Amino acid sequence: MRITCPCCGERDYGEFAIYGDASRQRPHMEDTDFETWYNYVYTRPNPKGRHVEFWHHVQGCRQWLVVERDTVTHEVYGVALARDVVTLPEAPKANSEGAE
Amino acid sequence: MTHYSWFSVFSKALSGNKGWDRAWRDPEPKAAYDVIIVGGGGHGLATAYYLAKEHGITNVAVLEKGWLGGGNTGRNTTIIRSNYMIDGNTYFYEKSLQLWEGLSKDLNYNAMVSHRQIYNLFHSPSQKEAFAKRYNIMRSCGIDGEILDRNEVMKELPYLDFSPNARFPVYGAAKQPRAGTARHDAVAWGYARGADMRGVDLIQNCEVTGFQRDASGAVVGVETTRGSIKAKKVGIAVAGHTTQVAEMAGLSLPIESHLLQAFVSEPYKPLIDTVITFGAGHFYISQSDKGGLVFGGDLDGYNSFAQRGNFHLIDHLLPEGKAMIPCLSRLRFQRTWGGIMDMTMDGSPIICKSPVDGLYINGGWCYGGFKATPGSGWCFAHTIANDRPHEFNAKLTLDRFRRGYAIDEKGAGPMPGWH
């Protein structure tokens, strides 16, 4: 498996460390919805096919990357710098019923 | 169906081994069953066997998309043990080990269960304390276990690296005498034959492609590549594809599928008459009856359904083996293979009723599924037959994550690649 790092070019995957699924956005820290956090922490889409995941170029530029890769063929479709594609969650709208 | 015995082996041998029956039938699927088990590996077959034997439910089909025992049952390192510490796991794995003890006789099929012990090496005083805690908890639950010091280990496993140059000097070992190995294929075949003899239909080359639901949303049957089949209850035991099968029923599970490799060396004269795990890294080794040294270690780390591994893990694993047993450096290794592990978020399995009526889940075996085969089948059969778990699997539920009762033996958190 080879990953083309946006900074360093094509490198063997052994230079990278995987962190895991990048398809979910971490909820805002003020979000108190149980289901939102449960799904974020525990459930995974675990697709057989295209999977979006975080990799860290530990033995290279040390940048965090978002890699789209096939979990059956291990083909890498695309690599981007995480700071370019990860969006920050918005604060939840004020809950009229109050916090749980 | 022939009862296997000294007499049957001897008399068939005299007649040139002609006239052995098939070990199980190859039936066409019926239109409806009381219970359908999806997945004809060790766990699915064991479930069908215990449904018939313990609960008298014999109108059962096991649907397998490939051939029996062709998944992880045929791709593991065959180790059996019950040295688990966290409540929820301890008694479950002990039940499984107890079933292993009488398994060959129970099945009338030689599962080649060998209680050749397991040694968990430790390399520091703090590691010893951790193992002492775990083994003390086991002993307080009536499970055998001992702690050995360095001199005792040296006497029992003289081929480990005890030299002054050892990279990770052996401080001692925890030992479970009743642990050991079993013949993986024979386990699947024995359960298959036992289930078939009791009337279970084993249907191969039959892939489940969807679930039939009634108006209330309950599962009432399955769609397969060999037609639709009705069932009052459907249990899934499909290891690496648990996510995909559960998804057909609309369930989203706390599971990721990962790749685990295993290795066999060239056949060698008897060297390792037990199972040994390295404490300074993740490496375990035993020797098969054919002489090959069977070993394995960590997951490759990334999500995968590919059943084939990568070189970095091999490069990481072999030096660990050599650091533990220096004479391994002269052996060539012969085969490597990969299996797909359904890793849960706490490293412990799931055997329970699912939130969908009529559907039962047996999965999330991480990479400890083989040793659990009898216990898993036994508990899953109990859960399906009685619509409630046995006390041995009562804590191995799907909702434990939601309720904050994760059973995290390693303390790694919800990172499936780290368990």
Side-chain angles (χ1 to χ4, degrees), chain A residues 1-5 10-27 32-60 64-79 82 100, chain B residues 238-248 250-259 298-316 338 340-346 350 355 363-364 398-406 408 412-419:
Chain A
M1 214 152 73
R2 295 177 77 78
I3 295 171
T4 305
C5 173
E10 186 181 319
R11 290 287 201 275
D12 186 85
Y13 94 98
E15 290 186 5
F16 302 80
I18 188 169
Y19 183 72
D21 194 324
S23 66
R24 299 153 307 126
Q25 185 187 50
R26 182 162 69 189
T32 55
D33 182 56
F34 181 87
E35 288 300 317
T36 306
W37 279 99
Y38 171 74
N39 283 323
Y40 173 70
V41 176
Y42 287 119
T43 64
R44 302 284 190 277
N46 192 26
K48 188 176 183 180
R50 285 178 181 243
H51 187 234
V52 189
E53 51 203 21
F54 287 116
W55 288 77
H56 188 200
H57 198 182
V58 179
Q59 294 174 40
W64 280 97
L65 309 175
V66 172
V67 176
E68 189 179 18
R69 187 180 60 92
D70 194 302
T71 57
V72 180
T73 63
H74 296 169
E75 184 184 350
V76 174
Y77 298 114
V79 184
E100 281 180 43
Chain B
V238 294
H241 287 83
T242 304
T243 298
Q244 280 64 34
V245 176
E247 212 166 50
M248 294 178 203
L251 295 174
S252 180
L253 299 182
I255 285 177
E256 275 185 12
S257 295
H258 280 255
L259 181 61
D298 273 324
L299 297 171
D300 274 35
Y302 47 86
N303 298 47
S304 177
F305 288 84
Q307 291 193 324
R308 63 170 190 284
N310 243 311
F311 284 110
H312 291 283
L313 196 274
I314 302 175
D315 201 28
H316 170 73
I340 304 308
M341 311 295 120
D342 38 341
M343 302 298 299
T344 56
M345 297 297 143
D346 62 357
I350 295 164
L398 180 57
D399 69 359
R400 67 176 185 264
F401 299 97
R402 189 178 283 281
R403 297 186 303 120
Y405 286 91
D408 194 338
M415 293 299 296
W418 297 355
H419 286 286

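Only a predicted model underlies this, so the values are computations on that prediction, with no experimental measurement involved. Just so we're on the same page: letters track the sequence lines, and every chain starts at 1.
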For this session: Output the option from N46(A), T71(A), T73(A) having the highest count of non-hydrogen pairs under 4.5 Å with chain B.
Result: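 Most heavy-atom pairs under 4.5 Å with chain B: N46(A).
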Mind listing the closest non-hydrogen atom pair of [X] and [Y] along with its distance?
| X | Y | answer |
| --- | --- | --- |
| S252(B) | T43(A) | OG-CB, 3.7 Å |
| N303(B) | R69(A) | O-NH2, 2.6 Å |
| I255(B) | R44(A) | O-CB, 3.7 Å |
| V72(A) | A306(B) | O-CB, 3.4 Å |

Problem set entry | Residues, nucleotides or ligands: over 12 heavy atoms within 6.0 Å of Y38(A) OH |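 Yes, OH of Y38(A) has more than 12 neighbouring heavy atoms, counting only those of other groups under 6.0 Å.
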Exercise. Would you say Y40(A) has more than 12 foreign heavy atoms packed within less than 6.0 Å of its OH?
Worked result: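 Atom OH in Y40(A) is crowded, with more than 12 foreign heavy atoms closer than 6.0 Å.
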Check whether [X] gets within reach of chain A through its side chain, its backbone, both or neither, counting any heavy atom under 4.5 Å.
| X | result |
| --- | --- |
| L253(B) | backbone |
| Q307(B) | neither |
| E256(B) | both |

Heavy-atom contact with chain B under 4.5 Å, split by part of [X]:
| X | value |
| --- | --- |
| Y42(A) | both |
| W37(A) | neither |
| N39(A) | neither |

Exercise. Passes side chain to side chain contact (heavy atoms under 4.5 Å, CB included), H74(A) versus Y302(B)? Steps please.
Worked result: CA-CA 10 Å; H74(A) 296 169; Y302(B) 47 86; 3.6 Å; yes
Problem set entry | Distance (rounded to the nearest 0.5 Å) between D300(B) CG and I18(A) CD1 |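 Between atom CG of D300(B) and atom CD1 of I18(A) there are 10.5 Å.
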Problem set entry | From CA spacing to verdict: side chain to side chain contact (heavy atoms under 4.5 Å, CB included), V41(A), M345(B) | CA-CA 9 Å; V41(A) 176; M345(B) 297 297 143; over 6 Å; no
